[in-house]
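Owing to the predicted nature of the structure, the values given are computational and were not obtained by experimental measurement. The sequence lines fix the lettering, A, B, ..., with proteins before strands; numbering per chain opens at 1.
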Amino acid sequence: MERATQDVTVLLAEVTKGDPKAAAELIPLVYDELRRLAGRYMRRERANHTLQATALVNEAYLKLVQHPSVDWQNRAHFFGIAAQVMRHILVDHARGHLREKRGGGLEPVPLDEALIFPPEQSHELMKLDESLDRLTALDPRQGKIVELRFFGGLTVEETAEVLGISPKTVKRDWSSAKAWLHGDLKQSHGNIAREVGNG
Amino acid sequence: MGISNRVMAISPEKWETVKALFDAALEVEPSERFVFLRENCPDEEARAEVERLLDEHRQAGTFLSTPILGNFSAKGSSPPQD
């Protein structure tokens with residue numbers, strides 16, 4: 001684990017400089033750590049899943065970056081990556097849950113993710129994830145803003161810091177992104193059930 | 001993506017224009033937006049898209065305003081700003 005921590009610290013520094021390769025290498029490390037911690041939290045506590053998610057990512061961050069003082073910019077970038085990772089975890093979980101419902105449970109939902117996300121919202125999440133992919137194809141920055149704000153829970157200011165743009169730009173993009181997604185979700189509703197059925 | 005009756009997608013190039021107009025239109029009184037858009041947007045396709053988005057904006061309400069799992073805020077747990 002020590003070497004992994006050093007790797008993460010180096011990678012975080014690279015990510016802060018804007019190296020996309022470093023971000024890609026960092027994601028699996030963060031993913032593994034978050035999954036592991038998620039399992040531990042779920043077994044230990046049954047309370048508000050909102051609090052668990054926050055504590056979960058904070059703990060993962062502290063474990064992975066054992067520097068006495070990490071400046072705020074590094075933390076913001078870490079949370080930006082965590083947002084992306086959480087999106088993947090949640091969508092994978094939703095997909096697994098929907099498969100279970102259809103397929104008679106041949107593929108059990110991993111226990112460490114079983115309680116992170118309310119199962120009844122899986123369908124909605126899948127719809128949103130696909131709409132978000134379409135928005136990202138149209139405007140990558142807007143897609144990232146939605147990922148950071150909705151999946152990562154970052155504030156406007158934090159999102160601005162991670163992306164290196166002004167808070168005003170974030171607000172504008174966020175506003176039109178929500179409108180666009182709202183419309184796209186309505187349009188895709190009829191197709192999504194069929195697509196999910198085709199697995 | 002399968003058979004779809006979704007409206008013709010706006011191009012990424014026009015999308016920048018659409019976003020700017022959408023933002024500007026929101027600053028204008030709702031009753032004046034119709035005229036505002038006709039005066040500031042000669043491109044019919046872009047204008048239609050802006051009007052569609054304004055309509056969605058009105059319907060969206062609290063859509064996406066709460067993060068899916070709460071806050072990963074780098075500064076600690078603070079409620080979402082939006």
Spacing of B/L64 atom CG and A/L185 atom CG [to the nearest 0.5 Å]: 8.0 Å

Inter-residue atom distance B/L53.CG - A/K178.NZ, 0.5 Å rounding: 13.0 Å

Toward chain A, the part of B/Q59 with a non-hydrogen atom under 4.5 Å: both

Part of B/L54 within contact of chain A (heavy atom distance under 4.5 Å): neither

Residues of residues 17-24 of chain B near chain A, each having a heavy atom less than 4.5 Å away: B/K19, B/F22, B/D23

Joint hydrophobic cluster, B/V28 plus B/V50, side-chain heavy atoms closer than 4.5 Å: yes

Nearest non-hydrogen partners of B/W15 and A/L138, listed with the distance: CD2-CD2, 3.6 Å

Any residue meeting side chain to side chain donor-acceptor pair (under 3.5 Å) with B/D43, in chain and number order, not counting sequence neighbours: B/K14

Per-residue contact mode, A/L128 against chain B (heavy atom under 4.5 angstrom): side chain

Side-chain heavy-atom pair B/E16, A/D139 within 4.5 angstrom cut-off: yes

